[in-house]
Amino acid sequence: MNGEFIYRETETDTTTTSSGGHQETCPECESDSLVADNVHGEVVCDECGCVVQTQQIDTGPEWSAYTHSESQEKSRVGAPLTRTMHDRGLTTKIDWKNTDAHGKAVSDRKRTQLRRMRTWQERIRTKDAGERNLQLALAEINRMASALGVPRPVREVASVVYRQALDRDLVQGRSIEGVATSALYAACRKENIPRSLDEVADVSRVERVEIGRTYRYLADELELEMRPVDPRRYLPRFCSELDLDEAVQQRAAAVLDEAADAGLLSGKSPTGLAGAAIYIASLDCNVKRTQKEIANVAQVTEVTIRNRYQEQLALVEGDGA
DNA sequence: AAATTAGGTTACGCGAC
DNA sequence: GTCGCCAAACCTAATTT
């Protein structure tokens with residue numbers, strides 16, 4: 001039995017008292033529908049509303065858990081776990097044979113009962129497998145998110161994406177880590193806290209190409225509707241890494257705006273575009289950084305910076321700035 | 001440092017099977 | 001589903017300005 005179930009009846013929940021309690025019927029109306037209110041510590045009669053017993057002990061946990069992993073972490077009860085078994089020894093198996101412990105055939109009534117039990121047991125077991133899978137993935141997502149320094153909301157989104165993938169059986173045949181990484185990458189883009197595929201790959205245990213593949217697959221199947229990253233999103237981070245002030249950043253954003261109007265952004269790597277814009281801006285503002293320096297933080301080559309830079313420069317000069 | 005050039009690599013979309 | 005191919009973007013590396 002999983003300890004979780006015990007805690008489901010706390011907080012605002014009201015549940016009927018167990019038969020082991022002191023009082024089973026209401027002294028006023030003789031009704032037996034007594035209800036324990038664990039929040040207020042009272043036992044009340046559901047029929048007439050009178051309070052039968054006060055100072056009830058709240059048998060629920062003194063902590064609150066909002067997620068599955070949290071409750072796993074905080075709970076101090078439950079069966080001992082072992083990682084050596086695929087289900088950590090928690091679930092029950094029900095044999096398929098319709099015989100009792102002595103090998104005798106069982107009655108029809110028992111047979112249907114057994115069938116129902118098997119069905120539900122299977123449902124519970126597989127659901128649990130999903131939960132375990134999820135826990136692994138979430139741990140991995142958290143680790144990578146920390147390494148990348150992305151804020152909490154991104155992790156939340158990544159978790160949601162992963163859950164969806166799990167629900168729709170998209171993880172089958174793929175590594176948990178691969179899907180987890182892809183979910184995180186997708187979450188970054190969705191939340192507009194862009195990290196390039198390379199950066200994500202650096203903190204992942206999965207190859208870059210697989211992340212890309214899985215990501216596309218997820219985006220497709222889950223209809224995540226991902227649009228290309230706006231290069232402007234990279235400006236704050238890059239500028240800060242290059243020790244450039246706000247003015248340069250604004251100038252770079254203006255350059256990118258123009259480039260966007262001219263339809264220059266399509267198909268190019270956003271980091272390269274951002275880098276080139278920063279290069280132009282740094283020249284404009286007399287705080288020049290070399291192409292090499294910029295190429296470094298943007299994680300593209302100088303050549304790419306150069307190419308984008310030439311394109312964008314033609315624009316900016318073109319309208320006589 | 002920046003520009004130019006050449007040649008290699010990669011992921012992507014597409015159609016054929 | 002995957003195989004083969006193509007075109008575009010990028011990369012590496014060498015050379016010149």
> If only side-chain N and O atoms of A/Lys292 are considered, is one of them under 4.0 Å from the OP1 or OP2 phosphate oxygen of B/dA3?
Replying inline: no
> What parts of residues 260-269 of chain A reach DNA chain C, counting only heavy atoms under 4.0 Å away?
Replying inline: A/Gly267, A/Lys268, A/Ser269
> Does NZ or CZ of A/Arg189 come closer than 6.0 Å to the centre of the six-membered ring of A/Tyr215, within 45° of the ring's axis?
Replying inline: no
> So if you build clusters from Ile, Leu, Val, Met, Phe, Trp, Tyr with side-chain heavy-atom gaps below 4.5 Å, do A/Leu170 and A/Val160 land together?
Replying inline: no
In whole angstrom, give the distance that lies between atom [atom1] of [X] and atom [atom2] of [N].
X	N	atom1	atom2	value
A/Arg208	C/dC10	CZ	C1'	10 Å
A/Gln310	B/dA2	CD	P	11 Å
A/Glu207	B/dT10	CD	P	11 Å
A/Leu273	C/dA8	CG	C1'	14 Å
A/Leu197	C/dC10	CG	P	14 Å
A/Leu283	B/dA2	CG	C1'	11 Å
A/Arg308	B/dA2	CZ	P	17 Å

> Can you list the residues that meet the salt bridge (charged side-chain N to carboxylate O under 4.0 Å, His left out) rule with A/Glu311, with sequence neighbours excluded?
Replying inline: A/Lys268, A/Arg308
> How do A/Tyr279 and A/Asn307 order along DNA chain B: which one's closest nucleotide is nearer the 5' end?
Replying inline: A/Tyr279
Candidate nucleotides [options], ranked by approach to the side chain of [X] - the nearest:
X	options	result
A/Thr290	B/dA2, C/dC10, B/dA3	B/dA2
A/Tyr309	B/dA11, B/dA3, C/dC10	B/dA3
A/Lys288	B/dA2, B/dT10, B/dA3	B/dA2

> With A/Tyr162, which residues qualify under ring-ring contact (aromatic ring centres under 6.0 Å, His included), at least two apart?
Replying inline: none
>> List the residues meeting side chain to side chain donor-acceptor pair (under 3.5 Å) with A/Asp198, not counting sequence neighbours, and say none if there are none.
In response: A/Arg208
Using atom types as modelled, flag every donor-acceptor pair under 3.5 Å from a side chain in residues 238-247 of chain A to any protein atom, sequence neighbours excluded.
from, atom 1, to, atom 2, distance (Å)
A/Asp245, OD1, A/Ala247, N, 3.2
A/Asp245, OD1, A/Val248, N, 3.3

Check for a donor-acceptor pair, side chain of [X] on one end and backbone N or O of [Y] on the other, with a separation under 3.5 Å.
X	Y	answer
A/Glu210	A/Glu207	no
A/Arg251	A/Leu283	no
A/Gln172	A/Asp169	no

Heteroatom pairs (N/O) under 3.5 angstrom, protein to nucleotides 11-15 of chain C:
from, atom 1, to, atom 2, distance (Å)
C/dC11, OP2, A/Thr301, N, 3.4
C/dC11, OP2, A/Thr301, OG1, 2.9
C/dC11, OP2, A/Thr304, OG1, 2.0

